[in-house]
Amino acid sequence: YLNASRGGGVAARELAIDTVTPGFDASVYATDRTPDPTSFAASGWTQVGGPTNVTSRQEITLTGGSTRYRYYLVWITSLPPSSESVSLNEVTLYR
């Protein structure tokens, strides 16, 4: 996940992913709570983007509107064909 804590969070409109392992599916979630590594539900994650089949350079439109979130999570829901892992080279958040 990304920590967008600058100024109390960010009302992001887009998340961009650069990867050398395209072909996986991902959704984007956001929360203003500190993530609890033992409980997805307790972290208060809200889906704000996807699901999307990710290409080498993929922009995902976010639906959070004017809500400012502190954390954004890229949740990988399926791996590319014939692959056991995914490499996220860069993840960028845009306001």
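Under the 3.5 Å distance criterion, with hydrogens and angles disregarded, a donor-acceptor pair is assigned to the side chains of Asn53 and Asp25. Counting only N and O atoms by type, the side chains of Glu90 and Thr92 include a donor and acceptor under 3.5 Å apart.
The minimum heavy-atom distance linking Ser85 with Pro80 is given by the pair O-CD, 4.1 Å. Nearest heavy atom pair, residue Tyr71 against residue Thr34, reads CE1-CA, 3.8 Å. In plain terms, the two heavy atoms of Pro51 and Ser27 that are nearest each other are CA-OG, 3.4 Å. For the residue pair Gly50 and Thr52, the shortest heavy atom distance occurs at CA-OG1, 3.5 Å. The nearest pair of heavy atoms linking Arg70 to Ser5 is NE-CB, 3.2 Å. Between Arg57 and Ala16, the shortest heavy-atom contact is NH1-CB, 3.5 Å.
The backbone N or O of Trp45 sits nowhere less than 3.5 Å from a side-chain atom of Ser43 that would complete a donor-acceptor pair. Side-chain atoms of Thr21 come within 3.5 Å of backbone atoms of Ser87 as a donor-acceptor pair (strictly under, hydrogens ignored).
In this structure, Tyr69 shares a hydrophobic cluster with Leu2, Leu15, Ile17, Phe24, Val28, Val48, Val54, Ile60, Leu62, Tyr72, Val74, Ile76, Leu79, Val86, Leu88, Val91, Leu93, the cluster being traced through Ile, Leu, Val, Met, Phe, Trp and Tyr side chains under 4.5 angstrom apart.
In this structure Arg68 satisfies the salt bridge (Lys or Arg N to Asp or Glu O under 4.0 Å) test with no other residue, sequence neighbours excluded.
One finds the CG atom of Leu73 at 10.5 Å from the CD atom of Gln47 (value rounded to the nearest 0.5 Å).
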Asn89 vs Val20, side chain to side chain contact (heavy atoms under 4.5 Å, CB included): CA-CA, chis, key distance, verdict | CA-CA 7 Å; Asn89 299 57; Val20 294; 3.7 Å; yes

For ring-ring contact (aromatic ring centres under 6.0 Å, His included), just list the numbers for Phe40 and Tyr29, CA-CA rounded to whole Å, side-chain angles, deciding distance to a tenth of an Å, and then say yes or no.
-> CA-CA 10 Å; Phe40 186 86; Tyr29 291 82; 5.3 Å; yes

